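For reference, the structure is listed below as structure tokens.
Order of the sequence lines fixes the chain letters, A, B, ..., with proteins taken first and strands second; residue numbering starts at 1 for each chain. These numbers were taken from a predicted model, which means no experiment stands behind them.
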Number of protein chains: 2
Amino acid sequence: MTVSRTAEKSSEKPADAGKGRKDAGEVQTEALQLGELSEQLGYVLKRAQLKVFENFLRCMASLQLTPAQFSVLLLVEKNPGRNQTEIASTLGILRPNFVAMLDNLESRDLCARIRSTNDRRSHILVLTDKGKAVLARAKKLVATKHEARLNDLLGQANREALIGMLSKIANEF
Amino acid sequence: MTVSRTAEKSSEKPADAGKGRKDAGEVQTEALQLGELSEQLGYVLKRAQLKVFENFLRCMASLQLTPAQFSVLLLVEKNPGRNQTEIASTLGILRPNFVAMLDNLESRDLCARIRSTNDRRSHILVLTDKGKAVLARAKKLVATKHEARLNDLLGQANREALIGMLSKIANEF
DNA sequence: TATTGTTATACTCTATAACTATA
DNA sequence: TATAGTTATAGAGTATAACAATA
């Protein structure tokens, strides 16, 4: 739809552009009408996604993990012995783009590539001890700060319903 | 989180990487376990958003309108007489990035910039007749193809609940 | 001095082609 | 010949600084 922002940064606090009130006595500066936009699934979905990612980044600031990196660590932990192609494609990451991502995680000693003995073309992915420790801390931060925030906002039942509907859209739309 | 894709294109059909079954008789290729990932709000939100945008693009193929362009047309129609800064900031678009976007819409004769007489620095935005006509057709396509699809999938009540929760996240998270 | 629209620019994501080393 | 990982590259989207015209 539109929307932007890279975590904190500056600029554009949307949906509240015109102050709604004039500060001095010049021209009128009424807030804009969103109209049908606020009912557009894509629009509200995109905005919500950006907010959630921003919050995720803030919660993870101490561990310096992006949502994408977190998803890789989670998937590697849950599926040990898989190669780059398998992990990347499951996450919707293209193999070429996965290389730099892994270089980063490997340089931080969070995961490692191991040349497979069966097929020497493949790199098996594993978490290092540090990677496991960081992921454990990350999970706690996500649970106590990030997901907890969502529970406060929507309530447990609604949160589950939301995840369910989004999954359905992701899988069947 | 991860995920990609630009509408149709090729590559990466995630969440079903390993076929789950071997085709010949080589090695095992079981489907990967998503594990906690499928309960992560950010992950499922991002995936759903990509699917919805893809579907939007497909529904709008005949009009060649992106979600972002559609949102601009909607907002200009609903708020005639506003300038670039106001429209852009409401949508979370940075002014510099809004220039090329408007150049595109203007070159297609969908909207026009009008130098304001009050403040000659400002460009007032308006829809052209063609812009109004295209937007009307776009709304119909969205309603009958795009949003209708969501109703089929979730049902009217759930769809409204979903929009409501996403709005709440977008505004209060 | 401040603001509007603009240009230039940079950085991140995403996408495709093609190379290498294995198979 | 096909596949895994990689390189190079290109295109969107998003971000900041700075300039000209105007206020």
Point to revise | Contacts of type side chain to side chain contact (heavy atoms under 4.5 Å, CB included), residue A:Ile114, not counting sequence neighbours | key: A:Ile124, A:Val126
Exercise for review: Using whole Å, report how far CG of A:Asn118 lies from P of D:dG5.
Suggested key: 13 Å
Point to revise | 5'-most by nearest nucleotide on DNA chain D - B:Ser116 or A:Val99 | key: A:Val99
Point to revise | All pairs passing salt bridge (charged side-chain N to carboxylate O under 4.0 Å, His left out) where residues 158-171 of chain B contributes a residue, at least two apart | key: B:Glu147-B:Arg159
Exercise for review: Among residues two or more places apart or on two chains, list those pairs meeting ring pair (Phe, Tyr, Trp, His ring centres under 6.0 Å) that have a residue in residues 90-134 of chain B.
Suggested key: none
Study note, to complete from the structure: Atom CD of B:Gln84 and atom P of C:dT3 are separated, to the nearest Å, by 17 Å
Practice item. Starting at atom NZ of B:Lys46, determine the distance to atom C1' of C:dT14, rounded to an integer number of angstrom. Key: 10 Å
Check your understanding: Starting at CD of B:Glu106 and ending at P of C:dG5, how long is that distance when rounded to a whole Å?
Key -> 12 Å
Review point. At under 4.0 Å, does any side-chain N or O of A:Thr85 touch on OP1 or OP2 of D:dG5?
Key: yes
Exercise for review: Provide, to the nearest angstrom, the distance between the CD1 atom belonging to B:Ile114 and the C1' atom belonging to C:dT4.
Suggested key: 16 Å
Review point. A:Val134 and side-chain contact (heavy atoms from CB on, under 4.5 Å): which partner among A:Asp129, A:Leu110, A:Leu105, A:Thr128?
Key: A:Leu110
**Study point:** Phosphate-side-chain proximity, A:Ser122 and C:dT22, N/O vs OP1/OP2 below 4.0 Å
**Key:** no
Study note, to complete from the structure: B:Leu94 atom CG is separated from C:dA10 atom C1', nearest whole Å, by 14 Å
Give me the distances for all protein-to-nucleotides 17-22 of chain D N/O pairs that come in under 3.5 Å?
| unit_1 | atom_1 | unit_2 | atom_2 | d |
| --- | --- | --- | --- | --- |
| D:dT22 | OP1 | B:Arg120 | NH2 | 3.2 |

Study note, to complete from the structure: Note: for B:Asn83 and B:Asn97 on DNA chain C, the residue whose nearest nucleotide lies more 5' is B:Asn83
Point to revise | Listed once per pair and sorted, the ring pair (Phe, Tyr, Trp, His ring centres under 6.0 Å) pairs that draw on residues 124-166 of chain B, sequence neighbours left out | key: A:Phe173-B:His146, B:Phe56-B:His146
**Study point:** By salt bridge (Lys or Arg N to Asp or Glu O under 4.0 Å) - contacts of A:Glu106 (at least two apart)
**Key:** A:Arg113
Exercise for review: Indicate if B:Met101 and A:Tyr43 have the same hydrophobic cluster label, given that clusters are the connected sets of ILVMFWY residues with side-chain heavy-atom separations under 4.5 angstrom.
Suggested key: yes
Practice item. Using whole Å, report how far CG of B:Leu50 lies from P of D:dA12. Key: 17 Å
Point to revise | Residue closer to the 5' end of DNA chain D, B:Thr117 versus A:Ile124 (nearest nucleotide) | key: A:Ile124
**Study point:** Distance, rounded to the nearest Å, where B:Arg82 contributes CZ and C:dT4 contributes C1'
**Key:** 15 Å
